Amino acid sequence: MINRGKDYSFKLENGIEIPAVGFGSFLATDTHGKQTIKDALDTGYRYIDTAKFYNNEEEIGEALEEYGISRSDIFLCSKVWPSDLGKEWTLKSFEESCSKLKTDYLDMFLIHWPKEDPEDPDWFTKVSEAWKVMETLYEEGRIKAIGVSNFLPHHLMPLLDSAKIRPMVDQLELHVGYMQEYTLSYLGKEGILPQAWSPLGRARVLKDERITKIASKYGVSNAQLLLKYLVQRGIPVIPKASSVDRMKENLNIFGFEIAKVDISYLSCLPEFGYSGEHPDF
């Protein structure tokens with residue numbers, strides 16, 4: 001992890017830096033629309049994570065334009081939905097995302113899920129065609145980093161065998177109680193950076209008494225402990241928040257270090273808080 005004063009980031013295999021804490025926008029704009037994005041910018045977020053599936057790219061684009069922030073100061077990530085995988089559809093999805101976000105390039109673009117249908121025998125053909133489009137856009141400079149989301153090792157293996165440019169990031173459900181250790185080990189060996197969605201594990205994890213006990217030891221909130229645990233393990237996070245107080249809380253995780261014994265304890269808790277969303281089922 002790179003420390004640049006108040007800013008912390010991780011360096012990808014191609015040298016691009018990705019902020020350690022981004023703003024997850026899924027459902028975040030449902031109540032207050034683009035004002036939520038402006039609040040996040042006010043709070044200090046410079047990485048906004050979105051996707052075609054979230055149906056909020058247009059609001060984010062308008063918020064960024066109205067806020068007046070320089071494009072180079074923002075890290076923008078979007079994703080292509082599995083129904084849009086394929087040569088023409090992936091390019092169309094990318095162009096539409098850029099248009100709605102009011103930008104001519106994305107800092108990162110991901111394949112959202114490996115399959116639309118768990119029983120689809122042609123899923124990898126679609127992934128492969130989409131990936132070739134993303135490789136071309138990357139080579140043209142229209143995407144700074146390309147990657148995947150919700151890909152497990154058996155989804156990545158055929159892609160790594162055929163890809164000209166390897167995935168740089170794999171965005172996964174990762175949180176205390178669901179760390180997918182086998183997948184993390186595989187990503188580490190392949191030089192692919194894991195990134196955590198749902199890093200707070202929803203209410204069941206966030207309010208767990210075991211989490212509260214350790215958080216109180218460090219004088220931090222449960223959310224801050226859960227986020228710092230992931231970042232300290234080398235995993236950038238994209239928590240979502242709707243209130244300014246929660247936004248600030250989620251960013252303010254760099255004033256303490258979790259002891260190794262507590263990292264071990266948190267890593268060894270039995271599975272809990274899993275969303276039930278699995279890319280193969």
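Keep in mind the model is a prediction, meaning the values are calculated, not measured.
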* Decide salt bridge (Lys or Arg N to Asp or Glu O under 4.0 Å) for E62 and K34; before the verdict, give the C-alpha distance in whole Å, the side-chain angles of both, and the deciding distance to 0.1 Å. => CA-CA 7 Å; E62 291 174 1; K34 56 190 174 183; 3.4 Å; yes
* **Stepwise side-chain hydrogen bond (donor to acceptor under 3.5 Å, both in side chains) check, Q195 with D49** => CA-CA 11 Å; Q195 184 184 41; D49 183 270; 5.2 Å; no
* To do: I would like to know whether Q224 and Y218 meet side-chain contact (heavy atoms from CB on, under 4.5 Å); could you show each step before the answer?
  => CA-CA 10 Å; Q224 288 171 320; Y218 294 96; over 6 Å; no
* Under the side-chain contact (heavy atoms from CB on, under 4.5 Å) rule, what do M179 and S267 come out as? Steps first, then yes or no, please. => CA-CA 7 Å; M179 284 303 293; S267 299; 5.8 Å; no
* Quick one: do E17 and K144 satisfy salt bridge (Lys or Arg N to Asp or Glu O under 4.0 Å)? Show the steps, please. => CA-CA 10 Å; E17 291 185 22; K144 304 301 181 184; over 6 Å; no
* Passes side-chain contact (heavy atoms from CB on, under 4.5 Å), V205 versus F272? Steps please. -> CA-CA 7 Å; V205 179; F272 72 115; 3.7 Å; yes
* Candidate pair N56 and T50, rule side-chain contact (heavy atoms from CB on, under 4.5 Å), full reasoning -> CA-CA 7 Å; N56 62 9; T50 185; 2.6 Å; yes
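Figure legend: K115 and W123 shown as a cation-pi pair, the cationic atom lying under 6.0 angstrom from the six-membered ring centre and within 45 degrees of its axis. A cation-pi contact, defined as under 6.0 Å to the ring centre and within 45° of the axis, links R71 to Y105.
The two residues E59 and G33 come nearest to each other via the heavy atoms OE2-CA, 3.6 Å. Pairing each heavy atom of H112 with each of P82, the nearest pair is CB-CD, 4.3 Å. Of all heavy-atom pairs between G24 and A28, the closest is O-CB, 4.0 Å. Among all heavy-atom pairs drawn from W113 and F151, the shortest one is C-CE1, 3.8 Å. For the pair F254 and K228, the tightest heavy-atom approach, listed with the atom from each and the gap, is CA-NZ, 4.1 Å. Across every non-hydrogen atom of L85 and A130, the tightest pair is CD2-CB, 3.7 Å.
Both Y138 and I192 are assigned to one and the same hydrophobic cluster, defined by single-linkage of ILVMFWY side chains at heavy-atom distances under 4.5 Å. Connection of V237 to I16 is established within a shared hydrophobic cluster, with ILVMFWY side chains joined at heavy-atom distances below 4.5 Å, either directly or through further cluster members. Note on F124: it clusters hydrophobically with V148, by side-chain heavy-atom contacts below 4.5 Å among ILVMFWY residues. In terms of hydrophobic clustering, with Ile, Leu, Val, Met, Phe, Trp and Tyr side chains grouped at heavy-atom distances under 4.5 Å, V244 and I60 are assigned to different clusters. Hydrophobic clustering (ILVMFWY, side-chain heavy atoms < 4.5 Å, transitive): L230 and L269 are in one cluster.
Going from atom CG of L174 over to atom OH of Y229 covers 9.0 Å, rounded to the nearest 0.5 Å. The CD1 atom of I111 sits 10.0 Å away from the OG atom of S149 when rounded to the nearest 0.5 Å. Taking CD1 of I74 as the reference point, atom OH of Y47 lies at 12.0 Å (rounded to 0.5 Å). Here the CD1-CE distance, from I146 to M134, works out to 5.5 Å after rounding to the nearest 0.5 Å. Remark: I2 CD1 to Y8 OH distance equals 12.5 Å, nearest 0.5 Å. Remark: D107 CG to S78 OG distance equals 11.5 Å, nearest 0.5 Å.
Side chains of N150 and E277: no donor on one and acceptor on the other come within 3.5 Å. Side-chain atoms of E57 and S97 form a donor-acceptor pair, as typed in the model, at a separation below 3.5 Å. Counting only N and O atoms by type, the side chains of R202 and S198 include a donor and acceptor under 3.5 Å apart. D280 and H154 form a side-chain donor-acceptor contact under 3.5 Å, judged by distance and modelled atom types alone.
Contacts of D170 classified as salt bridge (Lys or Arg N to Asp or Glu O under 4.0 Å), with partners at least two apart in sequence or in another chain: none. K92 is linked by a salt bridge (Lys or Arg N to Asp or Glu O under 4.0 Å) to E96, counting only residues two or more places apart in sequence or in another chain. For D120, the salt bridge (Lys or Arg N to Asp or Glu O under 4.0 Å) criterion is met by K126, not counting sequence neighbours.
The aromatic rings of H175 and Y178 sit tilted relative to each other, their planes meeting at an angle between 30° and 60°. Ring pair F53/W81 is parallel by interplanar angle, where below 30° counts as parallel and above 60° as perpendicular.
Judged by distance alone, the side chain of R166 and the main-chain N or O of E190 form a donor-acceptor pair under 3.5 Å. Using modelled atom types, one side-chain atom of T90 and one backbone atom of D84 make a donor-acceptor pair closer than 3.5 Å. Side chain of S185 to main chain of Y182: no donor-acceptor pair is present (N/O by atom type, distance under 3.5 Å, no hydrogens or angles). Under the 3.5 Å distance criterion, the side-chain polar atoms of R46 are matched with a main-chain donor or acceptor of L41. Side chain of K102 to main chain of G61: no donor-acceptor pair is present (N/O by atom type, distance under 3.5 Å, no hydrogens or angles). Under the 3.5 Å distance criterion, the side-chain polar atoms of T212 are matched with a main-chain donor or acceptor of D208.
Other residues, nucleotides and ligands contribute at most 12 non-hydrogen atoms within 6.0 Å of the CD atom of E119. For H32, the NE2 atom counts as loosely surrounded, since its 6.0 Å shell holds 12 or fewer non-hydrogen atoms of other residues, nucleotides or ligands. For E140, the CD atom counts as densely surrounded, since its 6.0 Å shell holds more than 12 non-hydrogen atoms of other residues, nucleotides or ligands. For K38, the NZ atom is densely surrounded, since the number of other residues' heavy atoms within 6.0 Å is greater than 12.
Residues P118 and F281 fail the side-chain proximity criterion, which asks for heavy atoms closer than 4.5 Å. With a 4.5 Å cut-off on side-chain heavy atoms, L266 and L226 do not count as touching. Taking 4.5 Å as the limit, every side-chain heavy atom of K217 sits out of range of all side-chain heavy atoms of F256. Side-chain contact between E129 and W89 is absent, with no heavy-atom pair separated by less than 4.5 Å. No side-chain heavy atom of S162 sits under 4.5 Å from any side-chain heavy atom of W131. Annotation: side chain of L206 is not in contact with side chain of I211 (no heavy-atom distance under 4.5 Å). Using a 4.5 Å heavy-atom threshold, the side chains of L172 and L187 count as touching. Annotation: side chain of L184 is in contact with side chain of E181 (closest heavy-atom distance under 4.5 Å).
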